[in-house]
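Heads up: the structure comes next, in structure tokens.
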Amino acid sequence: MKSTQSLGDIIPPLTIDNVIFGYRPGELSVLLVRQKSGASLRKWKLPGDWLTEHESLEQCAARSLVRRTGIANATLHQFRTFSEVDRYPDQRVITTAFYTFVIRGLHQLMLSEDELAIDWFDIKSVPELSFDHAKILKIGVEHLRELARRQPMGFGVLPPKFTLLELQELYEAIFDQKFDKPNFRRRILKFEHLG
């Protein structure tokens with residue numbers, strides 16, 4: 001039996017949202033944008049974009065990252081698709097979320113034509129976010145922490161030569177807690193990359 005619905009009726013709009021974590025000593029931040037128009041007018045949100053016909057989700061996420069930061073070589077980790085029916089007002093929108101981790105201050109932030117502002121916010125003092133972006137951010141933080149438990153996070157974030165103290169400060173920012181110095185060193189040296 002053939003469906004009478006067109007593909008436009010079946011497939012809702014698709015977007016990506018990027019959780020871009022920034023690090024500087026002692027502080028983990030997230031990059032947010034403030035909208036100039038649309039459903040999130042004047043509200044802060046995660047930077048994202050609509051998926052176009054000729055790109056993959058990964059290409060869309062990379063395009064969005066380059067557009068806001070100029071960073072073209074960061075690793076983007078896809079961590080969840082959010083498809084709740086009511087997550088976006090007036091229409092069905094499904095988004096796939098990615099996260100990446102960059103050093104703050106090395107790249108100039110750039111506004112999109114539909115944005116009023118772009119800025120870093122300490123992960124502990126994020127303003128109210130549009131749509132379900134607070135939920136996306138919370139889950140993104142959980143995934144970042146899980147990655148940090150499984151592999152050393154210093155490579156690509158800290159300078160090429162870094163001390164164990166600098167690495168400990170990075171981990172304390174990621175987990176928002178202080179670690180006992182001897183115990184941290186014992187645990188981190190078990191990682192294959194550092195052992």
Side-chain angles (χ1 to χ4, degrees), residues 14-33 40 44-51 55-69 71-84 86-88 93-104 106-107 109 118-158 162 166-179 184 187-188 190-194:
L14 302 172
T15 64
I16 65 88
D17 284 298
N18 282 338
V19 181
I20 304 169
F21 294 110
Y23 176 71
R24 64 182 177 193
E27 184 182 316
L28 179 66
S29 304
V30 65
L31 188 65
L32 301 176
V33 295
S40 58
W44 290 98
K45 62 185 279 294
L46 297 168
D49 273 298
W50 298 93
L51 183 71
E55 65 184 350
S56 67
L57 290 168
E58 292 77 10
Q59 289 168 331
C60 184
R63 172 172 58 83
S64 179
L65 178 65
V66 169
R67 196 168 111 187
R68 275 46 176 256
T69 66
I71 300 171
N73 58 352
T75 302
L76 286 154
H77 303 269
Q78 181 178 325
F79 66 91
R80 176 83 60 95
T81 294
F82 296 83
S83 61
E84 289 81 355
D86 60 351
R87 63 170 301 274
Y88 193 90
V93 176
I94 295 173
T95 195
T96 298
F98 293 78
Y99 72 88
T100 191
F101 202 17
V102 302
I103 304 171
R104 278 188 58 177
L106 294 185
H107 309 277
L109 301 180
I118 182 169
D119 208 350
W120 294 104
F121 288 84
D122 187 304
I123 205 73
K124 295 178 283 188
S125 56
V126 172
E128 183 179 348
L129 301 179
S130 293
F131 315 130
D132 57 351
H133 286 201
K135 176 181 178 181
I136 294 173
L137 175 58
K138 180 177 182 290
I139 295 172
V141 170
E142 291 168 0
H143 278 263
L144 176 66
R145 289 175 177 168
E146 183 55 35
L147 181 68
R149 287 184 188 100
R150 290 186 280 111
Q151 67 184 57
M153 292 293 297
F155 302 104
V157 179
L158 295 174
F162 56 85
E166 288 172 319
L167 187 63
Q168 182 171 338
E169 288 172 348
L170 171 63
Y171 268 73
E172 288 175 345
I174 292 171
F175 287 95
D176 188 26
Q177 68 180 79
K178 293 291 183 185
F179 294 113
F184 176 81
R187 292 181 63 185
I188 210 70
K190 289 179 183 176
F191 281 127
E192 183 181 344
H193 294 83
L194 295 178

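By the 30° and 60° cut-offs, the orientation of the rings of His133 relative to Phe131 is perpendicular. Under the 30°/60° scheme for interplanar angles, the aromatic rings of His143 and Tyr99 are found to be tilted.
At a threshold of 4.5 Å between non-hydrogen side-chain atoms, the residues Thr15 and Phe82 do not count as touching. No side-chain heavy atom of Phe79 sits under 4.5 Å from any side-chain heavy atom of Leu144. Arg145 is listed as a side-chain neighbour of Asp176, based on a closest heavy-atom distance under 4.5 Å. Contact annotation: the side chain of Ile136 approaches that of Arg87 to within less than 4.5 Å [non-hydrogen atoms, C-beta and beyond]. At least one side-chain heavy atom of Thr69 sits less than 4.5 Å from a side-chain heavy atom of Leu31. Contact annotation: the side chain of Phe175 approaches that of Arg149 to within less than 4.5 Å [non-hydrogen atoms, C-beta and beyond]. Contact annotation: the side chain of Leu57 approaches that of Leu51 to within less than 4.5 Å [non-hydrogen atoms, C-beta and beyond]. Leu46 places a side-chain heavy atom less than 4.5 Å from the side chain of Val30.
Annotation: the span from Glu146 atom CD to Arg150 atom CZ amounts to 5.5 Å, rounded to 0.5 Å. Atom CG of Asp17 and atom CZ of Phe98 lie 10.5 Å apart (nearest 0.5 Å). Interatomic distance, Trp120 CH2 to Glu27 CD, rounded to the nearest 0.5 Å: 10.5 Å. Atoms CG and CZ, on Leu106 and Arg24 in that order, are 12.0 Å from each other to the nearest 0.5 Å. A distance of 7.0 Å separates CD1 of Ile103 from CG of Leu158, quoted to the nearest 0.5 Å. With rounding to the nearest 0.5 Å, the separation of OH in Tyr88 from OG in Ser130 is 9.5 Å.
Nearest approach of Leu32 to Pro127, heavy atoms of both residues: CD1-CD, 3.8 Å. Closest approach of Ala61 and Ile16 over heavy atoms only: CA-CD1, 3.6 Å. When all heavy atoms are compared, the tightest approach of Phe21 to Val19 is CZ-CG1, 3.4 Å. Here the closest heavy-atom approach between residue Phe101 and residue Leu28 is recorded as CE1-CD1, 3.4 Å. Between Ile20 and Pro47, the closest heavy-atom pair is CD1-CG, 3.9 Å.
One finds no salt bridge joining Arg80 and Glu142 here, because no Lys/Arg side-chain nitrogen approaches an Asp/Glu carboxylate oxygen to under 4.0 Å. Between Arg68 and Asp49 a salt bridge is recorded (basic side-chain N to carboxylate O distance below 4.0 Å).
By the neighbour-count criterion of 12 heavy atoms within 6.0 Å, atom CZ of Arg67 is densely surrounded, having more than that number from other residues, nucleotides or ligands.
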For a side-chain contact (heavy atoms from CB on, under 4.5 Å) check, start with the C-alpha distance between Phe179 and Ile188, then their side-chain angles and the critical distance, and finish with the verdict. CA-CA 11 Å; Phe179 294 113; Ile188 210 70; over 6 Å; no
Passes side-chain contact (heavy atoms from CB on, under 4.5 Å), Thr100 versus Asn18? Steps please. CA-CA 8 Å; Thr100 191; Asn18 282 338; over 6 Å; no
Stepwise, does the side-chain contact (heavy atoms from CB on, under 4.5 Å) test hold for Leu137 with Ile123? CA-CA 9 Å; Leu137 175 58; Ile123 205 73; 3.9 Å; yes
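Here the side chain of Gln78 pairs no donor or acceptor atom with the backbone of Glu58 at under 3.5 angstrom. Using a distance-only test at 3.5 Å, with no hydrogens or angles considered, no donor-acceptor pair links the side chain of Tyr23 to the main chain of Ile174. Using a distance-only test at 3.5 Å, with no hydrogens or angles considered, a donor-acceptor pair links the side chain of Gln59 to the main chain of Ser56.
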